[in-house]
Amino acid sequence: MSGDRPSKVTEVSLSSFKRPTLVEVKGVTMVDNIEENWDSLWAFQAKPDDLLICTYPKAGTTWMQEIVDILQHGGDPGKCAQVPIFHRIPFLEKFQFSPTGLEELEAMPSPRIIKTHLPVQLLPPSFWEQNCKMIYVARNGKDTAVSYFHFHRMNHSLPEPTSWNQFLEDFLAGKIAWGSWFDHVRGWWDAKGRHPILYVFYEDMKENPAREIQRVAQFLGLELTESILNQIVQHTKFENMKKNPLTNYTAKPRYAMDHTVSPFMRKGTTGDWKEHFTVAQSEQLDNICDHLLGGSGLTFRTVL
Ligand code: PPS
């Protein structure tokens, strides 16, 4: 299977491809095609052995997807299906391209691994009813904002950003696709007390990938030998995933993602935000963190 086709048109070019607009879904800012398909998304029927990987965009989703897929295949990347990661683990709320995420999942045998960026209150209820396991990956807000800004530039499934300053203003106000980062990371943090959710930090994965992969394996009830663990660490290193066409998103057609504007696998570091934020912008984000995450026990590292 190659890249996706737009669901509504057959012939497209970079110039004619229409980026989505933003709308509100139950008070959360979303791309318009999610609102248009909301009823079928909400009615999604999860199965008890579905595993959900949830993130705010740009938190390290693809990294966790690749780790989990390899873990589920006995630690051998060669045993995973030789198709891009976005087909192996469908994106639940993908509606702009055909097949949609819902169609891909319908056709997929169990056990399924599913990717979503939905905030906790918008997750289809069947996931809770079926008591599905969930892995949530969170990344500090500053690096997330920078990564998301560059992703908006190259990914035509998102509105085109004007400037970094405007984008950050919208990010801080939660007026971007998938809503407020602050509400997202906190909502899923609070939910982990009531449900089998493994909460993982991108910064911890950078600091000690072996330790975090081991945590994921334990959560999934899998035992790992030292050599398999090392193999997974090597295979999922940023440099290796960046050059792997099955993980670097170059299999998407150029009308969907233009890697000449900014590569999907861009920097893969903690602290790149310092190249973008002014001191005032950094303090502003810190203050909102204090206000909105204060008292939750949830804290982020912005340098390693
Ligand atoms: S998406 O589109 O929301 O699913 O994107 P997501 O995969 O969550 O995030 C992309 C960012 O994660 C970085 N990345 C990695 N970092 C470290 N190690 C590995 N293996 C890795 N794989 C992906 C990717 O480079 C994006 O971050 P930035 O800061 O833009 O480089």
Side-chain angles (χ1 to χ4, degrees), residues 4 30-31 52-70 77 84-94 96-97 101 113-119 135-158 161 164 167 171 176-179 181 184-185 188 200-210 212-213 216 231-252 256-259 261-277 302-304:
D4 296 322
M30 289 281 177
V31 286
L52 195 64
I53 298 177
C54 332
T55 57
Y56 189 82
K58 312 324 285 180
T61 328
T62 316
W63 191 5
M64 183 57 78
Q65 284 176 273
E66 187 68 1
I67 289 169
V68 169
D69 195 31
I70 299 170
I85 189 70
F86 50 83
H87 287 311
R88 279 180 274 153
I89 300 182
F91 182 21
L92 180 66
E93 65 267 29
K94 180 191 74 172
Q96 196 171 21
F97 298 101
I113 313 172
I114 305 171
K115 160 185 166 174
T116 186
H117 291 318
L118 290 172
I135 299 174
Y136 186 81
V137 187
R139 185 182 193 182
N140 81 75
K142 294 177 185 175
D143 283 318
T144 299
V146 169
S147 181
Y148 208 12
F149 170 65
H150 290 293
F151 193 52
H152 274 70
R153 294 172 53 232
M154 64 84 74
N155 177 13
H156 303 146
S157 302
L158 291 168
W164 160 247
F167 180 84
F171 179 90
I176 55 173
W178 283 276
W181 171 84
H184 207 285
V185 293
W188 281 98
V200 180
F201 293 94
Y202 178 96
E203 293 74 26
D204 290 349
M205 291 168 70
K206 282 300 291 183
E207 181 182 68
N208 192 336
E212 297 308 305
I213 292 170
V216 174
Q231 186 174 307
I232 300 174
V233 170
Q234 283 307 317
H235 179 86
T236 57
K237 270 197 155 103
F238 176 74
E239 297 71 25
N240 292 333
M241 284 185 58
K242 185 177 172 72
K243 63 184 178 213
N244 180 351
L246 301 182
T247 55
N248 65 15
Y249 274 80
T250 53
K252 287 261 179 194
M257 286 187 186
D258 188 349
H259 295 258
V261 172
S262 178
F264 183 94
M265 294 287 173
R266 197 181 56 88
K267 296 253 173 106
T269 57
T270 295
D272 181 48
W273 61 270
K274 290 180 185 167
E275 304 296 322
H276 294 73
F277 277 70
T302 54
V303 284
L304 289 179

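Numbers for residues simply follow the sequence, beginning at 1. Values below: every heavy atom of this structure, side chains too, minus hydrogens, waters and symmetry copies. Being a predicted model, the structure only gives us computed values, none of them experimental. Atoms within a ligand are numbered from 1 in the order they appear, just like the ligands themselves.
- Taking atom 20 (N) of ligand 1 as the reference point, the nearest protein heavy-atom neighbour is Thr236 O, 2.8 Å.
- Residue contacts with ligand 1: Gly268 is placed with a nitrogen or oxygen under 3.5 Å of a nitrogen or oxygen of the ligand (distance criterion only).
- Between Phe238 and Thr269 there is no side-chain heavy-atom pair separated by less than 4.5 Å.
- For ligand 1, none of its N or O atoms has an N or O atom of Thr269 under 3.5 Å away.
- Residue Lys115 approaches ligand 1 through these ligand atoms, each under 4.0 Å from one of its heavy atoms: 4 (O).
- At a threshold of 4.5 Å between non-hydrogen side-chain atoms, the residues Met205 and Met64 count as touching.
- Taking the ring axis of Phe149 as reference, the NZ or CZ atom of Lys142 does not stay both within 45° of it and closer than 6.0 Å to the ring centre.
- Looking at Tyr56 next to ligand 1, no N or O pair under 3.5 Å apart turns up.
- The residue His235 has no part lying near ligand 1, judged by heavy-atom distances below 4.0 Å.
- Counting heavy atoms closer than 4.0 Å to ligand 1, residue Met241 contributes side-chain atoms (C-beta onward) but none from N, CA, C or O.
- For atom 16 (N) of ligand 1, the nearest protein heavy atom (residue, atom name, distance) is Tyr202 OH, 2.8 Å.
- Distance from atom 24 (C) of ligand 1 to its nearest protein heavy atom, with residue and atom name: Phe264 O, 3.9 Å.
- Scanning all protein heavy atoms for the shortest distance to atom 3 (O) of ligand 1 gives Lys58 N, 2.9 Å.
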Next on the checklist: Show, in sequence, the C-alpha distance, side-chain angles and deciding distance for Tyr202 and Trp63, and conclude whether the ring-ring contact (aromatic ring centres under 6.0 Å, His included) test is met.
Outcome noted: CA-CA 9 Å; Tyr202 178 96; Trp63 191 5; 5.4 Å; yes

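- Within the 4.0 Å heavy-atom criterion, neither part of Lys242 lies near ligand 1.
- Using a 4.0 Å cut-off between heavy atoms, His117 contacts ligand 1 through its side chain alone, with no backbone atom that close.
- In this structure Ser157 satisfies the side-chain contact (heavy atoms from CB on, under 4.5 Å) test together with Gln96, Phe97, Asn155, sequence neighbours excluded.
- Ligand-side atoms of ligand 1 in range of Thr61: 1 (S), 3 (O), 4 (O), 6 (P), 7 (O), 8 (O), range being under 4.0 angstrom from any heavy atom.
- Not a single heavy atom of Gln65 sits closer than 4.0 Å to an atom of ligand 1.
- The contact set between ligand 1 and Pro57, taken as ligand atoms under 4.0 Å from a residue heavy atom, comprises 3 (O).
- Neither the backbone nor the side chain of Thr247 has any atom closer than 4.0 Å to an atom of ligand 1 (non-hydrogen atoms only).
- For ligand 1 and Met265, the ligand atoms under 4.0 Å from any heavy atom of the residue are 22 (N), 23 (C), 25 (O).
- Taking any N or O of Gly60, backbone or side chain, at least one lies under 3.5 Å from an N or O belonging to ligand 1.
- At a 4.0 Å heavy-atom cut-off, ligand 1 touches Ala59 through the backbone alone.
- Just one of His152, His117, Arg139 meets the side-chain contact (heavy atoms from CB on, under 4.5 Å) condition when paired with Pro57; it is His117.
- For atom 27 (O) of ligand 1, the closest non-hydrogen atom of the protein is Arg139 NH1, 3.2 Å.
- In this structure, the protein non-hydrogen atom closest to atom 30 (O) of ligand 1 is Ser147 OG, 2.7 Å.
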